[in-house]
Amino acid sequence: MMLERKQRFNVPEIRSKVEQISTDIGTDVFQGSQIVAYAELEQIYSGAMREIGTKLENLDDEFQLKNRHNPIHHMECRLKSIDSTIGKLRKRGLPLTVESIRQNLYDIAGIRVICNYVTDVYAVANTLSEQSDIEVIRIKDYIRNPKPNGYRSLHVIYQVPVFLSDGPHPTPVEVQFRTSAMDYWASLEHRLRYKNSIEDDEREKHYETLKECARQLADIEDRMQQIHQELG
């Protein structure tokens with residue numbers, strides 16, 4: 001298991017991207033010191049991802065030692081791109097400033113945790129939530145309450161302190177917990193949603209099929225989990 005990481009704190013690159021976005025949307029964004037502040041903010045969010053990622057790796061090791069079972073299959077992480085971030089601010093009618101990002105957006109840093117079984121999802125999420133230096137900001141449980149299209153996942157926003165030279169920076173990280181089956185279902189649904197070359201009636205037919213697949217996968221996962229538990 002490995003947490004994939006990507007460092008992106010090059011101020012000239014960020015400035016170039018901001019200038020391109022400004023041209024595209026016809027308005028100025030992140031001027032002067034705001035660009036440096038955005039790079040610093042990315043560094044903090046990346047640090048928060050590392051903090052949460054290390055905690056998850058330690059928990060996985062502990063579960064293996066105590067239970068001879070690794071609950072986490074693998075993890076992926078990402079920082080929301082600057083154009084996606086600005087797009088979200090504009091969509092919500094929020095100021096295009098670094099402070100607005102800090103105050104209003106909780107999904108800049110994200111980790112996807114792919115587990116083997118549904119019980120693993122809740123075991124890892126609950127144990128992480130109990131750690132003394134972590135604060136749970138929000139929980140959306142789409143496993144017990146799937147979305148109408150069949151999407152299932154557990155979304156938790158954790159806040160963790162990132163310690164820099166000027167002290168701690170409490171920083172949110174969105175963690176999506178799901179099983180392997182939930183993950184490949186979500187990947188296919190995402191591909192269908194953004195497939196522009198498909199006719200509407202064909203798209204709707206595939207959506208209906210995916211809903212049924214989600215129901216069947218949930219049933220299969222329950223049965224396989226039962227076998228796993230009976231095997232000890």
Side-chain angles (χ1 to χ4, degrees), residues 1-6 45 49 52-53 56 60 70-92 104-126 128-129 136-158 172-228:
M1 179 193 64
M2 180 179 293
L3 178 66
E4 300 174 1
R5 300 186 177 99
K6 184 178 181 182
Y45 280 117
M49 283 195 301
I52 296 292
L56 288 166
D60 191 59
N70 289 100
I72 300 176
H73 184 273
H74 69 279
M75 297 188 290
E76 304 166 357
C77 74
R78 66 101 182 99
L79 284 177
K80 186 182 287 294
S81 66
I82 187 170
D83 45 340
S84 294
T85 299
I86 291 173
K88 189 163 189 176
L89 289 175
R90 294 186 73 213
K91 183 178 180 180
R92 294 175 57 180
N104 297 291
L105 302 186
Y106 296 95
D107 62 345
I108 301 299
I111 300 178
R112 184 170 297 156
V113 182
I114 312 302
C115 295
N116 293 295
Y117 301 98
V118 174
T119 50
D120 292 335
V121 165
Y122 289 107
V124 174
N126 291 338
L128 182 61
S129 299
V136 177
I137 303 298
R138 186 168 67 209
I139 299 174
K140 291 185 178 180
D141 192 340
Y142 298 117
I143 297 178
R144 293 193 173 105
N145 302 288
K147 289 187 176 182
N149 67 349
Y151 174 85
R152 295 185 299 145
S153 187
L154 175 65
H155 295 192
V156 185
I157 296 176
Y158 297 100
V173 178
E174 181 187 59
V175 183
Q176 297 180 0
F177 298 92
R178 59 178 64 161
T179 64
S180 296
M182 296 174 195
D183 190 53
Y184 70 68
W185 183 97
S187 297
L188 184 57
E189 192 276 338
H190 183 272
R191 182 182 173 193
L192 175 62
R193 192 179 343 137
Y194 291 99
K195 184 75 170 179
N196 296 323
S197 60
I198 190 172
E199 298 293 334
D200 289 344
D201 57 344
E202 186 176 1
R203 187 190 306 276
E204 188 59 33
K205 180 185 70 176
H206 289 317
Y207 275 134
E208 290 303 317
T209 301
L210 279 174
K211 287 181 185 179
E212 178 59 19
C213 287
R215 187 194 64 77
Q216 293 176 358
L217 284 172
D219 182 56
I220 291 170
E221 284 195 298
D222 286 343
R223 291 155 64 189
M224 292 182 68
Q225 181 173 278
Q226 183 176 355
I227 293 172
H228 166 70

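Just so it is clear, the values below take in all heavy atoms, side chains as well, and ignore hydrogens, waters and symmetry mates. Computed from a prediction, not measured in an experiment: that's the story for all the values here.
In terms of heavy atoms, Asn149 sits closest to Lys211 at O-CG, 3.5 Å. When every heavy atom of Ala125 is checked against every heavy atom of Leu154, the shortest pair comes out as CB-CD2, 3.7 Å. Closest heavy-atom contact between Gln176 and Tyr151: OE1-OH, 4.1 Å. Across all non-hydrogen atoms, the minimal contact from Ala214 to Gly150 is CB-O, 3.5 Å. Pairing each heavy atom of Pro172 with each of Tyr106, the nearest pair is CB-CD2, 3.8 Å. Residue Asp107 comes nearest to Glu174 through the heavy atom pair CB-OE1, 3.9 Å, listed as atom of the first residue, atom of the second, then distance.
His228 has its side chain out of reach of Asn116: every pair of non-hydrogen atoms, C-beta onward, lies at least 4.5 Å apart. Val118 places a side-chain heavy atom less than 4.5 Å from the side chain of Met182. Side-chain contact between Arg191 and Arg193: absent, with no pair of heavy atoms (C-beta onward) separated by less than 4.5 Å.
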Steps toward side chain to side chain contact (heavy atoms under 4.5 Å, CB included) verdict (Met224, Gln226): CA-CA 5 Å; Met224 292 182 68; Gln226 183 176 355; over 6 Å; no
Salt bridge (Lys or Arg N to Asp or Glu O under 4.0 Å) between Glu202 and Lys205, worked out: CA-CA 5 Å; Glu202 186 176 1; Lys205 180 185 70 176; 5.1 Å; no
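A side-chain donor-acceptor contact under 3.5 Å links Asp141 to the backbone of Ile143. Distance alone, capped at 3.5 Å, places no donor-acceptor pair between the Arg223 side chain and the Ala218 backbone.
Applying the ring-ring contact (aromatic ring centres under 6.0 Å, His included) test to every pair with at least one member in residues 191-222, sequence neighbours left out, gives these pairs: His190-Tyr194. Sorted by first then second residue, the salt bridge (Lys or Arg N to Asp or Glu O under 4.0 Å) pairs that include residues 147-157, not counting sequence neighbours, are Arg152-Glu221.
From Tyr158, atom OH reaches atom CD1 of Ile139 across 7.0 Å, with rounding to the nearest 0.5 Å. Between the CD atom of Glu208 and the SG atom of Cys213 there is a distance of 11.5 Å, given to the nearest 0.5 Å. Taken to the nearest 0.5 Å, the CG atom of Asp120 stands 7.5 Å off from the CD atom of Gln225. Put simply, CE on Met49 and CG on Leu56 are 12.5 Å apart, with the number rounded to the nearest 0.5 Å. To the nearest 0.5 Å, atom CG of residue Asp222 and atom CG of residue Leu217 are 11.0 Å apart. Between atom CD1 of residue Ile114 and atom OG1 of residue Thr179 there is a gap of 8.0 Å, rounded to the nearest 0.5 Å.
In this structure, Arg144 satisfies the cation-pi test against Tyr122, with its NZ or CZ atom closer than 6.0 Å to the six-membered ring centre and inside 45 degrees of the ring normal.
Around the CD atom of Glu199, the shell of radius 6.0 Å holds no more than 12 heavy atoms that belong to other residues, nucleotides or ligands. No more than 12 heavy atoms of other residues, nucleotides or ligands lie within 6.0 Å of CG in Asp200, so this atom counts as exposed by the packing criterion.
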